[in-house]
2 protein chains.
Amino acid sequence: MPVTTRTLTGGPPPPLKSPARRRVLDAANALFYAEGIHAVGIDRIIAEAAVAKATFYHHFPSKDDLVCAYLQEQDSRIRRATALRDVAPEAHIMRLFEVIGEISCGPGFRGCAFVNAAAEYPDHAHPVRQVIAAHRRWFRDLLRELLVAARHPDAERTTAMLVLLRDGLVVGGDLDDPAQTRALVRAAVTRVLGEISPPADPCE
Amino acid sequence: MPVTTRTLTGGPPPPLKSPARRRVLDAANALFYAEGIHAVGIDRIIAEAAVAKATFYHHFPSKDDLVCAYLQEQDSRIRRATALRDVAPEAHIMRLFEVIGEISCGPGFRGCAFVNAAAEYPDHAHPVRQVIAAHRRWFRDLLRELLVAARHPDAERTTAMLVLLRDGLVVGGDLDDPAQTRALVRAAVTRVLGEISPPADPCE
DNA sequence: CGTAGGCTAGACAGATCTGTCTGTTAATGT
DNA sequence: ACATTAACAGACAGATCTGTCTAGCCTACG
């Protein structure tokens with residue numbers, strides 16, 4: 001079952017103004033995230049999206065293609081939500097983690113879409129894994145650039161620790177008490193950054 | 001599909017010396033962990049275990065019961081692997097995370113069995129989720145006790161941060177470079193513990 | 001005007017899933 | 001010697017899965 005790589009290479013952007021395609025992606029985002037990927041069949045998705053089966057397979061040659069598209073959409077959502085302009089690097093990092101904290105505690109949060117997907121796709125060579133790897137690479141590189149820009153003395157090591165922190169947050173937000181997890185974000189980030197910028201936030 | 005709670009309440013311990021049951025559990029441990037739970041059917045397991053279908057359903061009334069038993073076995077394995085006697089609390093904590101680091105980098109590591117299972121069982125009320133919660137409660141309580149025994153000034157907060165660290169490690173060990181992740185363990189733990197006991201380890 | 005293509009409805013194939021059931025064999029303990 | 005029970009083999013039911021295919025509607029554009 002060779003998976004079409006079109007969605008990965010981002011070749012010819014598939015019809016952008018297709019309502020049916022849009023509905024399918026919306027349904028996939030909601031169902032895959034809420035219930036897991038293997039647990040949601042194509043029939044569920046086309047029913048939720050009110051789309052004919054042939055239409056679905058016209059836009060997504062296989063289920064794996066849809067899964068890749070789903071994760072790529074999550075990826076671009078997060079990139080948009082964390083894009084900041086004209087912000088000092090330290091503040092940018094803190095903001096990054098506050099956004100993660102907010103999302104990780106919002107109603108309906110069910111862990112990180114990428115971590116969850118990885119649990120269902122063990123094969124590192126699988127296209128789904130490559131989308132996941134690309135997202136993590138983006139996040140890690142962003143952190144490193146910010147730390148370097150902030151002239152952090154140990155950017156490389158600290159990048160890795162911030163990634164650890166991120167993964168801990170998204171897991172804990174689902175499996176432990178979300179409120180408690182979220183309350184930890186600021187303190188944990190400042191501790192990892194090495195006691196820089198510990199401005200207590202009275203209004204929280 | 002009501003799941004039998006026998007495996008949860010640990011009522012009458014099911015036949016302990018049953019080779020067939022043992023083989024089923026071994027197969028479940030290998031297959032569920034390596035490939036995911038929804039991805040492995042009962043037929044695969046009974047084939048791998050060389051057991052008749054009726055025998056399987058005799059020991060495990062439903063697949064969910066087997067999943068619970070699988071996770072409970074993982075739980076007791078980890079408890080055994082981290083049980084230490086006559087060790088100072090700080091050293092115990094460090095040893096705890098070194099074991100996690102070793103496991104998270106060993107060949108065939110595929111993330112945390114509990115985190116992965118949670119990704120496939122979204123419903124917090126599901127028996128599988130309860131086994132997961134029990135394991136996390138155990139780990140968290142153990143950490144807190146050790147920190148209190150070590151007279152750590154901020155045991156509660158530090159417990160939560162160590163849990164974040166643990167989750168970051170098991171996720172990173174699967175999704176990122178295992179060697180790099182493992183090399184971070186000692187430094188991260190000492191940083192979270194607050195610069196206590198930073199004895200450099202020359203032979204590593 | 002005509003045609004290409006997005007879309008719909010739904011049957012269909014073939015595999016796989018969980019779980020049930022029948023019936024037989026072997027071991028064990030009283 | 002007999003009853004109980006574990007374990008065997010494997011057919012079977014019914015649901016669900018991915019993916020294919022036919023046939024036709026409707027709209028937009030050349």
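Because the structure is predicted, anything quoted here is derived from the model rather than measured. What's counted below: heavy atoms across the whole structure, side chains too, no hydrogens, waters or symmetry copies. First the proteins, then the strands, lettered A, B, ... as listed; each starts at 1.
Ranking C:dT18, D:dC8, D:dT18 by closeness to the A:Y57 side chain, first place goes to D:dT18. Counting only heavy atoms from C-beta on, A:H59 has its side chain closest to C:dC7 among C:dC7, D:dG19, C:dT20. Listed nucleotides: D:dA7, C:dG19, C:dT8. Nearest to the side chain of B:S62: C:dG19. The side chain of B:D43 lies closest to C:dC17 when the candidates are C:dT8, D:dT20, C:dC17.
Distance, B:L66 CG to C:dC17 P: 14 Å, rounded to whole Å. B:F56 has its CZ atom 10 Å from the C1' atom of C:dG19, to the nearest Å. Between the C1' atom of C:dC17 and the CD1 atom of B:I46 lies a distance of 12 Å, rounded to the nearest Å. Per the geometry, CD1 belonging to A:I42 stands 19 Å off P belonging to C:dG10, to the nearest Å. If you take NE2 of B:H38 and P of C:dT18, they are 10 Å apart, rounded to a whole angstrom. One interatomic measurement links the two molecules: CZ of A:R44 to C1' of D:dT18, which rounds to 16 Å at whole-angstrom precision. In this structure, B:R22 places its CZ atom 17 Å from C1' of D:dA6, rounding to the nearest Å.
Of the residues in residues 24-35 of chain A, none has a non-hydrogen atom less than 4.0 angstrom from any atom of DNA chain D.
Side chain to side chain, B:D64 and B:H126 meet the donor-acceptor criterion of an N or O pair below 3.5 Å.
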Tabulate below the donor-acceptor pairs under 3.5 Å that side-chain atoms of residues 78-85 of chain A make, not counting sequence neighbours, or state none.
from, atom 1, to, atom 2, distance (Å)
A:R79, NE, A:D75, OD1, 3.4
A:R79, NE, A:D75, OD2, 2.9
A:R79, NH2, A:D75, OD2, 3.4
A:T82, OG1, A:I78, O, 2.8
A:T82, OG1, A:R79, O, 3.4

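Where A:A54 and A:A39 each meet DNA chain D at their nearest nucleotide, the meeting point lying more 5' is that of A:A39.
For A:R23 (side chain) and A:A49 (main-chain N/O), a donor-acceptor pair under 3.5 Å exists by modelled atom type. Side chain of A:Q72 to main chain of A:V131: no donor-acceptor pair is present (N/O by atom type, distance under 3.5 Å, no hydrogens or angles).
The residue B:A50 sits close only to the backbone: its heavy atoms come under 4.0 Å of sugar-phosphate atoms, none of a base.
Not a single donor-acceptor pair, N or O on each side, falls under 3.5 Å between the base of C:dG10 and the side chain of A:K53. For C:dG19, its base never sits under 3.5 Å from the side chain of B:K63 at any donor and acceptor pair.
In this structure, B:V87 and B:M94 have side chains that are not in contact, with every pair of non-hydrogen atoms separated by 4.5 Å or more. The side-chain heavy atoms of B:P89 and B:E145, taken from C-beta on, include no pair separated by under 4.5 Å.
Between C:dG6 and A:R23, no contact under 4.0 Å exists linking OP1 or OP2 to a side-chain N or O. OP1 and OP2 of C:dC7 both lie 4.0 Å or more from every side-chain N or O belonging to A:H58. Residue A:T55 places at least one side-chain N or O closer than 4.0 Å to OP1 or OP2 of C:dT8.
No more than 12 heavy atoms of other residues, nucleotides or ligands sit less than 6.0 Å from atom CZ of B:R157.
Qualifying side chain to side chain contact (heavy atoms under 4.5 Å, CB included) partners for B:R44, counting only residues two or more places apart in sequence or in other chains: B:L31, B:E35, B:V40.
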